[in-house]
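Worksheet: one structure, shown below.
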Amino acid sequence: MKNRKIIYWSLGFLFVTSIILGSILLFLGSDSKTKVTFLDVGQGDSILISNGSAQILVDGGESRKVLLEKLGRLIPFWDRKIEVLVLTHPDADHVSGLLGVLQSYEVKLIVVTGYDSQTKVQQAWEKLIEQENADVVDAVQGTKIVAGSNLTAEILFPFYSVDVSGKGKSNNSSVVMKIQSGQKSFLLTGDIAKREENEMIERGIDLSADVLKVAHHGSKNSTGEKFLSAVDPSEAIISVGADNKYGHPHENTLSALGNGEIEVLRTDKEGDVAYECDDKKCELIE
Ligand SMILES: [Zn+2]
């Protein structure tokens with residue numbers, strides 16, 4: 001309990017300092033090429049953004065083994081460091097795989113909300129964070145991670161530090177991020193629902209993006225009409241497990257995407273979906 005208090009105090013302190021510093025968290029090593037990979041981790045989310053030897057990993061799916069195998073193929077064997085780890089929210093299909101990352105890699109910066117789901121998996125995650133010699137910062141709107149001129153990651157939601165009491169739903173506290181690399185932008189939405197989508201629209205947040213990571217694995221409670229027209233993507237990624245028990249993605253979400261003439265790429269059908277971007281172009285490579 002004492003440790004937890006210390007963590008929250010330091011989160012508050014870092015939140016204040018991040019405002020003073022103009023909310024730019026970290027400058028990573030700059031490389032002219034960025035790769036954005038939506039990993040096929042079954043039912044769950046995991047997105048790896050690599051720039052040179054620097055990595056930002058957003059969520060980790062539900063299996064340590066699956067995630068470590070994927071990372072082993074995408075990160076050179078000599079690179080045992082992951083620069084930034086972002087947990088959108090502490091549900092098992094997003095956090096469980098990250099436990100293996102904390103055990104196997106050195107992590108420099110961990111970005112989280114203060115949401116406490118009071119679950120065993122979150123307790124295990126927090127215990128590993130205490131052992132990791134990483135900076136832990138609060139995910140709030142305006143926070144930016146910059147890697148040279150080719151890669152910027154900006155947090156669009158939540159607006160304030162999330163209540164730590166665990167009231168409400170974990171999904172509704174999800175971190176939303178916009179990744180800008182060269183000419184292309186990617187909107188990562190965790191498992192937010194229509195309520196959070198509308199809150200961002202009402203606040204005038206610029207949601208426009210070329211590629212939308214569809215929220216909550218294509219659930220019918222997300223990806224409202226207004227939100228979709230605010231983002232106006234040309235491609236949509238659905239990170240989902242084959243024949244999952246939730247019935248994701250919902251047919252309404254698929255038809256909304258179809259009506260918008262948006263190309264849909266699903267990890268259960270395509271496997272990993274990867275883009276390679278430089279200053280001039282950003283292409284789907286697998
Ligand atoms: Zn999920």
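Atoms within each ligand, like the ligands themselves, are counted from 1 in listed order. We're numbering straight along the sequence, starting at 1. Just so you know, these numbers come straight off a predicted model, no measurement behind them.
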Ion pair check, [X] and [Y], cut-off under 4.0 Å:
| X | Y | result |
| --- | --- | --- |
| Lys65 | Glu69 | yes |
| Lys178 | Asp206 | yes |
| Asp135 | Lys108 | no |

Q | Side chains of Leu87 and Trp125 in contact at under 4.5 Å (non-hydrogen atoms) | A |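 Yes, at least one pair of side-chain atoms sits under 4.5 Å.
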(Q) If I take atom CG from residue Asp45 and atom NE2 from residue His89, how far apart are they, to the nearest 0.5 angstrom? (A)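 Asp45 atom CG to His89 atom NE2 measures 7.5 Å (nearest 0.5 Å).
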Q: Scan residues 248-257 for pairs that pass side chain to side chain donor-acceptor pair (under 3.5 Å), counting only residues two or more places apart or in two chains.
A: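 Listed once each, the pairs are Gln43-His248.
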Q) Closer than 2.8 Å to the Zn ion (ligand 1), which protein N, O or S atoms? A)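 As for protein N, O or S atoms lying under 2.8 Å from the Zn ion (ligand 1), they are Asp93 OD2, His94 NE2, Asp191 OD2, His217 NE2.
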